[in-house]
S.K.: 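Have a look at the structure that comes next, please.
Index from 1, following the sequence.
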Amino acid sequence: METLTPPKAVRIYLRIRPSQISWLKFIVEAYDGLALLSTVSVSEGLVTLWTLEHSIRELFALLGELAGNLTPYSTGALQTSCLE
């Protein structure tokens, strides 16, 4: 007889633009059961995402697509210096 093990929960911390916290929460919740988002610090844009181990690949794929809208870091200077 097989013993079923419960799926493992994984917590991921992200630093995003504070103005994008509610937007990200809306997007993540649209993917039913993908992850739970909680705010750690609004002023720092620090959030935590809880997901199940088997959903990590899908969550990171989504975050990769959204990264340009979420990053709190300026990417303009980096892109300019790479072109010179």
S.K.: Let me confirm one number: the OG1-CD1 distance from Thr48 to Ile12, rounded to the nearest 0.5 Å.
M.R.: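 If I round to the nearest 0.5 Å, the distance is 8.0 Å.
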S.K.: Hey, what else clusters with Tyr13 if you join Ile, Leu, Val, Met, Phe, Trp, Tyr whenever side-chain heavy atoms sit under 4.5 Å?
M.R.: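 Besides Tyr13, the cluster holds Val40, Leu46.
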S.K.: Could I get the full list of side chain to side chain donor-acceptor pair (under 3.5 Å) partners for Ser43, not counting sequence neighbours?
M.R.: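 By the side chain to side chain donor-acceptor pair (under 3.5 Å) rule, Ser43 matches Ser41.
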S.K.: Which residues end up grouped with Val42 if you chain together Ile, Leu, Val, Met, Phe, Trp and Tyr wherever their side-chain heavy atoms are less than 4.5 Å apart?
M.R.: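 Besides Val42, the hydrophobic cluster comprises nothing; the residue is isolated.
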S.K.: Among all residues two or more places apart in sequence or in another chain, which pass the side-chain contact (heavy atoms from CB on, under 4.5 Å) test with Pro7?
M.R.: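 Listed in chain order: Leu52, His54.
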S.K.: Which pairs count as salt bridge (Lys or Arg N to Asp or Glu O under 4.0 Å) when at least one residue sits in residues 53-70, sequence neighbours excluded?
M.R.: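 Those involving residues 53-70 do not exist here.
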S.K.: Any pair with a residue in residues 1-16 that passes salt bridge (Lys or Arg N to Asp or Glu O under 4.0 Å), sequence neighbours left out, goes on the list, sorted by first then second residue, please.
M.R.: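 Non-adjacent pairs meeting salt bridge (Lys or Arg N to Asp or Glu O under 4.0 Å): Arg15-Glu44.
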S.K.: Would you list the atom pairs, donor with acceptor, under 3.5 Å between side chains in residues 23-39 and any protein atom, with sequence neighbours excluded?
M.R.:
from: Lys25; atom 1: NZ; to: Glu29; atom 2: OE2; distance (Å): 3.1
from: Lys25; atom 1: NZ; to: Leu37; atom 2: O; distance (Å): 3.1

S.K.: Does Leu63 share a hydrophobic cluster with Trp50, counting links as ILVMFWY side-chain heavy atoms below 4.5 Å and allowing steps through other members?
M.R.: no
